[in-house]
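Have a look at the structure below, then the notes.
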Amino acid sequence: MRLRALSKRVQQLELSETYAILDTVRKLRQQGEDVVDLGGGEPDFRTPDHIVHAAVNALAEGETHYTASRGTQALLEAVAHKYKKEHGLDLDANRNIIITPSAKHALFITLMTLLDDGDELIVPTPSWVSYKAMAAMAGATVKAVPLDGATGFRLEPEQLERAITPRTKAILINNPNNPTGRVLSREEAQGVVQVALKHGLYIVSDEIYEKVLYDQSRHISMASLEGAAPITVTISGFSKAYAMTGWRLGYVVGSEDICGQLLKVQQHTVGCAGSFIQRGGVAALEGCQQRIAEMVVAYKRRRDRLISGLEHIPGITCRAPEGALYVFASISDLGFENSMAFTRWLLETVKVAVTPGTAFGEGGEGYVRLSFAGSDEDIDEAIRRLHYAFQ
Ligand code: PMP
Ligand code: GLU
C-alpha cells in the first residue's frame, strides 16, 4: 500500500524557529547542559497571585464547562471597559470582541477570515515568525516590506504603497514590534491608516506587547485613529503583560461584521477559550495593575543591563528597544557567514541561546534577537559568556 501524501499546504510550512530554540534549550538542559536562554519571549515572572486565585476559585466552583464561543460575559465586558478607558473606543461587548485561546489563535482566525487563496498580506519586516505560516495556511502569501535598520526600522507609508497589488487584502502591523522593539509614532501609525483607507485594505494590528513600553514611549492602538476602527482587527492577549504565557488567553477586537465571520472559525476550531482561564483574565484586567508596572520596571532594568553589556563587544551594535522584550542586535561586523552560523557557534561555544535574525524574514540577516524576558542573573551570565567568547 502506498499512502497518499499529506496536505501540500502544511508540508510546505516550516516549524516555528522560536519554538525550535525553546525546545533545543529544554533538551540541552535535560542533558545537564548549563544553557543561558536569551531565545524565547518567555517572562520569568510568576503570574500574579490574584489572577491565579481567581482561576483556582473558578475551578473549585465548577466552572469547568464550555462557555459561549465569544467568551464569558464578564471577560467580554472587561475587555470592552479596557478599550474605553485606555483608548476611548466604544465597543459592544457582544458584537466587537471574541475571546480566544491565545493571541496566536486570535491571529489565526483573523487571517483565515480575511485571506483567500492567492491573496497577499503586507507585513513590514523583520517580523514575528508565525505571520507567514498563518497566511500560508489560509492559502495566501506574505508580501514583505523590509524596513531599514539604519533608520531604526522606521515605517514609511510610501513603502507600504509600493507593495500593494490587486491581490493585497490587508496590512499586518505589530506594535510594539517583535523582534525590533520599535514602537510606532502617531505619525507612522496614521500613515498606515491612510494607506489602508485609500486602497480599501484591512489592518491587522498585533498589540500583544502594548503594556511593555520603556522611557517615553506611548502605545497608540491603531483602531483609535480616525477612520481606522471599521477596517482594523486588533489582536492582544495576556501572555506578555501579565506573565500568562501558559494560560493561552487572548482576544480579537473588530467590527461587528468581521467578528461575526471570525466567530465561525472560532466555533469550528476551538469552540471557546477555557472557562476557568477566562476568570483569570477578568482578574488580570480588573484587578490591581501594580504588578504589571513592577514587571515593566524589571524589564527596563534587564534591557539596560543587556545593552550596556553588548556595547563593550566590538562588532555588535544595537539600539535600545522602545517596547517589547527583545534587543535586535547587528552582528554583521563580526565576520560570521550568516546569523544562523553565529547563533550555532554561540550555543556550541558558550551555551548562550539567541534567535537568528533570519527567523524574522527579509531584513533579518546580519542580526540576532536577544530576549531579556529572563532573569537579571541570566542576562549578567549571558554577557559574561559573550565577553569570554569574544575576548
Ligand atoms: N504576537 C507576537 C508578536 C508574539 O511575539 C507572540 C508570542 N507571544 C504572539 C503574538 C502570541 O502570543 P500568545 O502567547 O498569546 O499566543
Ligand atoms: N512569541 C515568543 C517569541 O517570539 C514565544 C514563542 C512563539 O510563540 O513564537 O519568542
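Order of listing sets the numbers, starting from 1, for every ligand and every atom in it.
Judged as a salt bridge (Lys or Arg N to Asp or Glu O under 4.0 Å), and not counting sequence neighbours, R218 has no contacts. Residues that satisfy the salt bridge (Lys or Arg N to Asp or Glu O under 4.0 Å) test with E61, not counting sequence neighbours, are R279.
With a 4.0 Å heavy-atom cut-off, ligand 2 is reached by no atom of T245. At a 4.0 Å heavy-atom cut-off, ligand 2 does not touch F360 at all. Residue contacts with ligand 2, taken as heavy atom pairs separated by less than 4.0 Å, do not involve E17 at all.
Of the protein's non-hydrogen atoms, W128 CH2, 3.5 Å is the one closest to atom 9 (C) of ligand 1. In this structure, the protein non-hydrogen atom closest to atom 8 (N) of ligand 1 is K240 CE, 2.6 Å.
In the vicinity of G40, heavy-atom distances shorter than 4.0 Å reach the ligand 2 atoms 10 (O). Heavy-atom proximity to N174, at under 4.0 Å, picks out these atoms of ligand 1: 3 (C). When each atom of ligand 2 is checked for a heavy atom of G41 under 4.0 Å away, the hits are 2 (C), 3 (C), 10 (O). Near K240, meaning under 4.0 Å from one of its heavy atoms, ligand 2 places the atoms 1 (N), 2 (C). Distances below 4.0 Å separate heavy atoms of Y209 from the following atoms of ligand 1: 3 (C), 4 (C), 5 (O). Every atom of ligand 2 is numbered from 1 in the order shown, and the set under 4.0 Å from a heavy atom of R369 is 3 (C), 4 (O), 10 (O). Close approach of ligand 2 to K104 is summarised as follows: ligand atoms under 4.0 Å from at least one heavy atom of the residue are 7 (C), 8 (O), 9 (O). Taking a cut-off of under 4.0 Å to the non-hydrogen atoms of T18, the atoms of ligand 2 that pass are 3 (C), 4 (O), 6 (C), 7 (C), 9 (O), 10 (O).
For ligand 1, the polar-atom distance check against I208 finds no nitrogen or oxygen pair separated by under 3.5 Å. Annotation: Y326 places no N or O atom under 3.5 Å from an N or O atom of ligand 1; distance criterion only. Ligand 1 has no nitrogen or oxygen under 3.5 angstrom from a nitrogen or oxygen of T245.
Side-chain atoms of D148 never come within 3.5 Å of backbone atoms of F153 as a donor-acceptor pair (strictly under, hydrogens ignored).
Heavy-atom contacts from other residues, nucleotides or ligands closer than 6.0 Å to CD of E14 number 12 or fewer.
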Check step by step if side chain to side chain donor-acceptor pair (under 3.5 Å) holds for N177 and T180. CA-CA 6 Å; N177 183 275; T180 67; 3.0 Å; yes
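Geometrically, R302 does not engage F372 in a cation-pi contact, judged by NZ or CZ lying under 6.0 Å from the ring centre and within 45° of the ring axis.
With atom 13 (P) of ligand 1 as the reference point, the heavy atom nearest to it among P101, S239, G41 is part of S239.
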